[in-house]
Protein chains: 2
Amino acid sequence: MAEVTLQSQTRADEAFDCLQTAIVTGELAPGEKIGEVELCSRFNLTRGPLREALGRLESRGLLVRRPHAGVKVVSVSAAELLELYRIREVMEGLAARQAAERMTDEEIAELQATLDSHEKMIEQAQGQAYYQAEGDYDFHHRIATGSRNAKLAQMLLGDLYYMVRMYRYRLSTSAGRPHLALREHRRIVEAIAQRDGELAEFLMKRHINAARINIEKKIEEGVLTI
Amino acid sequence: MAEVTLQSQTRADEAFDCLQTAIVTGELAPGEKIGEVELCSRFNLTRGPLREALGRLESRGLLVRRPHAGVKVVSVSAAELLELYRIREVMEGLAARQAAERMTDEEIAELQATLDSHEKMIEQAQGQAYYQAEGDYDFHHRIATGSRNAKLAQMLLGDLYYMVRMYRYRLSTSAGRPHLALREHRRIVEAIAQRDGELAEFLMKRHINAARINIEKKIEEGVLTI
DNA sequence: CTCGGAGGTTTTGTTGACAATAAATGCCCC
DNA sequence: GGGGCATTTATTGTCAACAAAACCTCCGAG
């Protein structure tokens with residue numbers, strides 16, 4: 001995370017962070033109907049800041065809100081999750097292309113170092129889960145910010161990733177193809193290092209498409225039920 | 001708009017709509033610092049709902065908010081506006097592809113009818129401005145919803161279009177190439193009618209890319225100063 | 001004359017109480 | 001006994017007062 005302050009600046013921010021992580025980690029289950037007063041007592045807040053946070057979360061699509069009828073956590077169907085990957089495919093493809101054009105040499109070096117550490121974690125068996133969950137997130141995060149496209153990064157990091165991560169937590173064994181994913185990551189970074197934006201875009205799109213197909217297959221097999 | 005209720009259901013929604021249109025139309029200028037109490041008196045609201053609306057607008061990127069220091073309307077530079085078009089290019093490309101695969105025959109017929117009415121407006125000289133502003137929006141709106149990709153439509157209609165429209169209003173003569181744009185629209189609809197998703201995506205990307213280059217050129221010429 | 005700090009003022013952030021609306025329950029009628 | 005309507009209740013939406021923080025101004029010293 002790029003958050004510099006561990007302590008949130010305002011109560012509303014605090015509420016926002018709490019609720020967001022609670023939703024992403026599954027502490028608040030999808031489809032669960034939640035009352036405002038209950039949330040207040042659970043997170044030690046008052047209703048003012050809470051409502052502000054709820055508004056923000058609603059406009060980010062993490063929860064839905066019917067007037068006078070309460071708030072419930074959004075529940076994403078399997079089909080919708082796959083649609084999310086379709087969006088990621090084109091947006092992260094663009095991010096990779098722009099990253100290849102705009103990342104500094106230092107950033108590229110850091111990106112490579114990141115992959116090195118990921119490789120070590122995979123070699124140690126227990127690191128596998130971490131790599132899939134946080135490591136992958138880390139990689140894509142760097143490329144999104146490296147695109148130097150503020151709105152693109154905001155949309156990817158602020159909107160899409162939280163929804164995807166919501167399911168990463170739940171089905172932590174989601175991909176289960178760490179070596180393959182790492183190899184694909186390496187190729188993407190290679191293209192970025194060579195400043196080949198077109199190739200980077202192509203490889204990134206293929207990478208995410210592969211992840212989508214993998215999930216699709218597992219859903220069909222009944223391994224993942226959403 | 002798909003809004004069925006002209007009157008907003010709750011005060012916060014009302015505040016949200018008011019502020020959003022005020023920002024988009026330029027009634028609230030970019031970079032303008034605005035106080036909460038002033039907004040309350042201007043739109044006949046109280047601070048509770050207003051703050052909720054401000055939170056939503058912030059998370060949509062239409063305004064920025066420093067703790068204890070107030071709110072100011074976001075000001076998008078020329079470079080950032082062009083970056084927005086890069087995002088639109090890939091996202092609307094995807095929308096066009098999915099629309100080609102998923103739109104019903106009725107929707108396609110309506111889309112064609114929409115273009116017919118646009119053509120009439122262009123023939124009547126005074127319609128030109130309308131076409132560029134609302135007509136173009138209408139066309140892209142239909143394709144976004146036709147993609148049957150809820151999140152994609154939400155991101156396009158909820159996030160990107162408002163930022164683009166913000167500048168459409170200001171520089172209403174933005175494109176000024178109505179006949180060409182209409183022809184491109186026709187080709188895209190044709191591809192959709194033939195269920196050729198790949199072609200629809202290609203044409204849409206080229207269409208938006210052309211619009212971006214057009215704006216870029218005008219900025220270089222000094223016609224548009226942002 | 002300029003720079004720094006302390007105080008005041010304005011503005012934001014927060015709180016708790018009040019009002020309005022929708023869901024739930026129980027009652028009456030069929 | 002079942003269905004529909006009215007009442008009740010709990011929850012959300014709204015408001016106005018309070019607390020805290022930042023900006024501005026004014027004063028003094030260098």
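Chain letters run A, B, ... following the sequence lines, proteins first, then strands; residues in each count from 1.
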Kindly give the atom pairs (protein nitrogen or oxygen, nucleotide nitrogen or oxygen) under 3.5 Å for nucleotides 5-8 of chain C.
none

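Protein atom CG of B:D13 is 16 Å distant from nucleotide atom P of D:dT12, rounded to whole Å. Atom pair B:F16:CZ and D:dG13:P shows a separation of 16 Å (rounding to whole Å applied).
Geometric assessment of A:R165 against the ring of A:Y161 yields a negative cation-pi assignment under the 6.0 Å and 45° thresholds.
In this structure a side-chain-to-backbone donor-acceptor pair under 3.5 Å is missing from A:Q20 to A:D17.
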Base contacts versus sugar-phosphate-only contacts with protein, heavy atoms under 4.0 Å: please encode nucleotides 12-18 of chain C as B, S and - from 5' to 3'. BBBBS--
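Ring-plane geometry between A:F139 and A:H185 is classed as parallel, the angle between the planes falling under 30 degrees on a 0 to 90 degree scale with a further cut at 60.
In the model, A:Q9 has no side-chain atom that pairs as donor or acceptor with a side-chain atom of A:E14 under 3.5 Å. No hydrogens or angles considered: nothing links the side chains of B:D136 and B:H118 as a donor-acceptor pair under 3.5 Å.
Applying the side chain to side chain donor-acceptor pair (under 3.5 Å) rule to A:Q154 yields no partners; only residues at least two apart in sequence or on another chain are considered.
Contact of the B:R56 side chain with the B:D13 side chain is registered, since non-hydrogen atoms from C-beta on lie closer than 4.5 Å.
Ion pairing of B:R142 with B:E110 is present here, as a side-chain N (NZ or NE/NH1/NH2) and a carboxylate O approach within less than 4.0 Å.
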